[in-house]
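Here is how names work: the chains are called A, B, and so on, in the same order as the sequence lines, proteins then strands, and each is numbered from 1. Both backbone and side-chain heavy atoms feed into the values below; hydrogens, waters and symmetry mates do not.
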2 protein chains.
Amino acid sequence: MGAVTQGTERRRVGRPRAASRDLLEEAACELFLERGYAATSVADITSRAGVSRSTFFNYVEAKSDLLWARFDDAVVALRARLADGADVAEALRELAAGLPAENVAMAFAQGEAMGLGEELRLAAVRRLADVRDALTPALRAGGATPLVARSRAGAYAGCLLAAVQEWSLAGAGRTDLVALLDEAVRATLG
Amino acid sequence: MGAVTQGTERRRVGRPRAASRDLLEEAACELFLERGYAATSVADITSRAGVSRSTFFNYVEAKSDLLWARFDDAVVALRARLADGADVAEALRELAAGLPAENVAMAFAQGEAMGLGEELRLAAVRRLADVRDALTPALRAGGATPLVARSRAGAYAGCLLAAVQEWSLAGAGRTDLVALLDEAVRATLG
DNA sequence: TCGTATTGTTGGACGCCGACCAACAATCAC
DNA sequence: GTGATTGTTGGTCGGCGTCCAACAATACGA
């Protein structure tokens, strides 16, 4: 398990955790808004969270993943659904429906205030790749050639991220993400 | 000019250059194949190229951009064409047609041998974002809403990169990139 | 021929990230 | 109590990318 374990399972033995992903996320958000992303070091974050720097990497893979934890959780769930044979378009809509408004939208919505800049573009497109690569095998299983499967998967993923961005910028609760996704998919994949 | 200048213009004054982007690229390729990407430091590259480490950043923005210089050039050209009002689909095909086989395909083709792994995924999807963001304004100018423009631009860009990957893996010269691109676009954007 | 402006290179320093590890601390089970 | 388990801590380490002042090599004008 190289992955960072976000144990919701209650452990009953061993030293209790002193931090959590959420705690670090909150501390980071504050600091990003105060000083900007680039000017905030990992040490700054852990310091505010009241924990040591080493502990940070027990909960977060990288500083750049901090604002995307919920989204990444959703992608894990997406993979699971697809592995169970779910329909691609439907699984995507479920992902969109289950996306918590505040957290995921943060990066896009506050991106300006946090001085994310290029970092935001990269983080977002990385998630696009994650979604695309989750969808691709399912489309392949549907009989598509590798090129076509990958292309269509990329298109779906692109629609999702464009929708999430639009949704975030419009103010997370004010529009329906699924509706935006539907519109985007209709307009590009027909 | 924050950008790294690849001056083809003959300068007639001042100290002559001791290196070039191509020189560094070649040195890097050798080392990546020998020891792998992660095990090759910037200092290793410049050392083989017979130049100091500082000089590296006069020619390359980052180690991760080394293998993508030609592609990035093509994206610059793409932006120029679109700014001149070229048609989106056509401009993309021109990009594909002009892409030099050996250099761009390197990352995909030798990715395994170089131990690129995740680095390759990230670098590739970063270029997807570059192309997408180049296409988006042109689609917007065509009257599309921001959401739709971005989605369709992403789909086009995804098709391009899927095609490039397929093209590279098949052996750069053995297939026609434009044909692959056409197929991908036909299958996803209709 | 000799400065002088221009353009590049060099080496060193810096802050930071992310990996790693051994020592230590806090909990549970017996 | 004792031991096992699970986390935290502080430290070190290599590497990246930034910055800068000093230096080197060229062209040009007087």
- Query: What pairs with B/D130 under salt bridge (Lys or Arg N to Asp or Glu O under 4.0 Å), at least two apart in sequence or on another chain?
  - Reply: A/R121, B/R126
- Message: Without decimals, in angstroms, what is the distance between A/N58 CG and D/dG7 P?
- Response: 8 Å
- Message: Taking B/D65 first and then B/R127, would you say they form a salt bridge - that is, a charged N and a carboxylate O separated by under 4.0 Å?
- Response: yes
- Between D/dG17 (C1') and A/K63 (NZ): distance, integer Å: 13 Å
- Tell me which residues in residues 36-54 of chain A put a heavy atom below 4.0 Å from DNA chain D, sorted by number, or none. A/V51, A/S52, A/S54
- Any donor-acceptor pair under 3.5 Å from B/T175 side chain to B/G171 backbone: no
- Could you check how far OH of B/Y59 sits from C1' of C/dT10, rounded to whole Å? 13 Å
- Just how far, in rounded Å, is P of D/dG15 from CG of B/L31? 13 Å
- Task: Ignoring backbone atoms, establish whether A/T55 has a side-chain N or O less than 4.0 Å from OP1 or OP2 of D/dT9.
- Result: yes
Under 3.5 Å, sequence neighbours excluded: what are the donor-acceptor pairs made by side chains of residues 32-39 of chain A?
| unit_1 | atom_1 | unit_2 | atom_2 | d |
| --- | --- | --- | --- | --- |
| A/E34 | OE1 | A/R48 | NH2 | 3.4 |
| A/E34 | OE2 | A/R48 | NH1 | 2.8 |
| A/R35 | NH1 | A/D44 | OD2 | 3.1 |
| A/Y37 | OH | A/S64 | N | 3.4 |

- salt bridge (Lys or Arg N to Asp or Glu O under 4.0 Å) with A/R152: which residues, sequence neighbours excluded? none
- Task: Give the rounded distance in Å between these two atoms: CD of A/E118 and P of D/dT18.
- Result: 12 Å
- Message: By the ring pair (Phe, Tyr, Trp, His ring centres under 6.0 Å) test, which pairs, at least two apart or in different chains, include something from residues 171-190 of chain A?
- Response: none
- Could you tell me the separation between the CZ atom of A/R15 and the P atom of C/dC24, rounded to a whole number of Å? 13 Å
- Message: Under 4.0 Å from OP1 or OP2 of C/dG8: is there any side-chain N or O of B/R17 that close?
- Response: yes
Polar pairs (N or O, both sides) under 3.5 Å between protein and nucleotides 28-30 of chain C?
| unit_1 | atom_1 | unit_2 | atom_2 | d |
| --- | --- | --- | --- | --- |
| C/dC28 | O4' | A/R12 | O | 3.2 |
| C/dC28 | O3' | A/R12 | O | 3.2 |

- Query: Tell me, which pairs form a ring pair (Phe, Tyr, Trp, His ring centres under 6.0 Å) where one or both residues lie in residues 129-152 of chain A, sequence neighbours left out?
  - Reply: none
Which pairs would a plain distance check flag for residues 177-190 of chain B, meaning a side-chain donor or acceptor within less than 3.5 Å of a matching protein atom at least two apart in sequence or in another chain?
| unit_1 | atom_1 | unit_2 | atom_2 | d |
| --- | --- | --- | --- | --- |
| B/D182 | OD1 | B/R93 | NE | 2.9 |
| B/D182 | OD2 | B/R93 | NE | 3.4 |
| B/D182 | OD2 | B/R93 | NH2 | 3.0 |

- Residue pairs involving residues 93-119 of chain A (criterion ring pair (Phe, Tyr, Trp, His ring centres under 6.0 Å); sequence neighbours excluded): A/W68-A/F108
- To the nearest angstrom, how far is B/E61 atom CD from D/dC16 atom P? 16 Å
- Task: Using whole Å, report how far CZ of B/F56 lies from C1' of C/dG12.
- Result: 19 Å
